[in-house]
Amino acid sequence: MQTEVMKLLQIQYPVFQGGMANIAEHNLVAAVSNAGGLGLIAAGGSNAEQVREEIRKTKELTDKPFGVNIMLLNPAAAEIAKVIVEEKVPVVTTGAGTPEPYMKDWLEAGVKVIPVVASVALAKRMERCGAAAVIAEGCESGGHIGELTTMTLVPQVVDAVEIPVIAAGGIGDGRGFAAAMMLGASAVQVGTRFLVAEECIVHENYKELVLKAKDIDSAVTGRTTGHPVRVLRNNMTREYLKKEKEGVSFEELEQLTLGSLRKAVLDGDKKSGSFMAGQVAGLISKEQTCKEIIEELTNEAEQIIKKKSTELF
Ligand code: TUI
């Protein structure tokens, strides 16, 4: 296996770990990078100094490439952008917006910038402003999502840009991995399956909810506020969706979700936590190490592609 993204980033397997806010910290990141994938520190719910600390801790645990994911709605994004340069982080991925204000500084410092895009238009704009690759993320993903599915978004982005495309959203096993590569992706990004990795620090209740989830157990909150977020259904989401239908104010809806991701991650609060997860949760049934996950994904994909090609041609 040798894809363009693997060459670009000097990684052994074309597997990125999704930058899950408040979840993807140095232990998970180093485990993914040490297993040959690309671990990404999530800066989503953190300030600049917390991110600097996470970068330093990750460097103590791995000498393999890793990156930082910046959620651009984070009020600390501009300061975190500076930390990336100061700490000489080799790769940055961005989400929930456009990283254009930070591109000049990052490119001058030799940082490889890989924005998450949810449309062809943004992918083209990112290519023009110097992105090394783009992550095309479909709405099967957990957390903040766009409109299009992975199946439709990835090939349209692949056709629209020259830079490599990483597929994200709904990829949780070797079949999804193989399918994404067939759509033209050069790597995949996996979030939900790494939620149940042994090295992932989320509360046991979070892991249990993902492992027990069935196909239809996620819902999208915030469609009316312009911040659609996919989460596992629970009391909190049912109440949120009810209030959203009733047309309550943005402020009242925000009140419901305030701190709810931390309640899920740290306290395992099944009633009022926001358990962000993708639609692929229904397919995930066991806790494994990051190494086992990455090797199983790639081995399964290889077998499937070989079997299908003899079956079909
Ligand atoms: O960013 C994500 N997923 C996230 S961030 C997050 S943290 C959080 N979010 C909401 C409430 C509380 C905490 C949880 N999940 N994925 C990357 C992503 N980016 N998905 C979609 C997009 C996107 C959408 C529109 C990127 C750019 C865009 O348009 C930008 C523009 O200005 O055109």
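Because only heavy atoms are used, hydrogens play no part in the values below, and waters and symmetry mates are left out as well, while side chains stay in. Quick caveat: nothing in here was measured; it's all calculated off a predicted structure. Atoms within a ligand are numbered from 1 in the order they appear, just like the ligands themselves.
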Can you tell me the protein heavy atom closest to [atom] and the distance?
atom                    : answer
atom 32 (O) of ligand 1 : Thr98 CG2, 4.0 Å
atom 24 (C) of ligand 1 : Ala118 CB, 4.0 Å
atom 22 (C) of ligand 1 : Ala96 N, 3.7 Å
atom 17 (C) of ligand 1 : Val116 CG1, 3.3 Å

Proximal atoms of ligand 1 relative to [X] (non-hydrogen, under 4.0 Å):
X      : value
Val229 : 10 (C)
Leu122 : 27 (C), 28 (C), 29 (O), 30 (C)
Glu137 : 16 (N), 17 (C), 18 (C), 20 (N)
Ala21  : 7 (S)
Gly143 : 14 (C), 15 (N)
Gly95  : 1 (O), 17 (C), 19 (N)

Decide whether the shortest distance between a heavy atom of Gly97 and an atom of ligand 1 is less than 4.0 Å.
->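 For ligand 1, residue contact (heavy atoms, under 4.0 Å) with Gly97 is present.
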
Describe, in one word, how the ring planes of His227 and His144 are oriented to each other, choosing from parallel (under 30°), tilted (30 to 60°) and perpendicular (over 60°).
->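 Tilted.
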
Any link between Val229 and Leu232 through a network of hydrophobic side chains (Ile, Leu, Val, Met, Phe, Trp, Tyr) touching at under 4.5 Å?
->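 Val229 clusters together with Leu232.
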
In terms of hydrophobic clustering (I, L, V, M, F, W, Y; side-chain heavy atoms under 4.5 Å; direct or indirect links), are Val68 and Met126 co-clustered?
->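 The answer is no; the residues belong to distinct hydrophobic clusters.
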
Verdict with reasoning, Glu244 to Thr224, per side chain to side chain donor-acceptor pair (under 3.5 Å) = CA-CA 7 Å; Glu244 207 173 2; Thr224 58; 2.7 Å; yes

Which pairs would a plain distance check flag for residues 105-124, meaning a side-chain donor or acceptor within less than 3.5 Å of a matching protein atom at least two apart in sequence or in another chain?
unit_1 : atom_1 : unit_2 : atom_2 : d
Trp106 : NE1    : Ala81  : O      : 3.1
Glu108 : OE2    : Lys104 : NZ     : 3.3
Ser119 : OG     : Leu122 : N      : 3.2

Close side-chain approach of Thr3 and Lys7, heavy atoms under 4.5 Å | no

So do the side chains of Tyr206 and Ile23 get within less than 4.5 Å of each other, counting heavy atoms only?
->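 Yes; the side chains approach each other to less than 4.5 Å.
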
Indicate yes or no: does Glu140 engage Arg230 in a salt bridge with an N to O separation below 4.0 Å.
->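 Salt bridge absent between Glu140 and Arg230.
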
Is any N or O atom of [X], backbone or side chain, closer than 3.5 Å to an N or O atom of ligand 1?
X      : result
Met71  : no
Arg125 : no
His144 : yes

Mode of Met276 contact toward ligand 1 - side chain, backbone, both, neither (heavy atoms, under 4.0 Å) | side chain

Under 3.5 Å: donor-acceptor pair, side chain of Ser33, backbone of Gly39 =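 Indeed, once roles are kept as given, a pair shorter than 3.5 Å links the two residues.
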
Across all chains, not counting sequence neighbours, the side-chain hydrogen bond (donor to acceptor under 3.5 Å, both in side chains) partners of Lys306 are Glu302

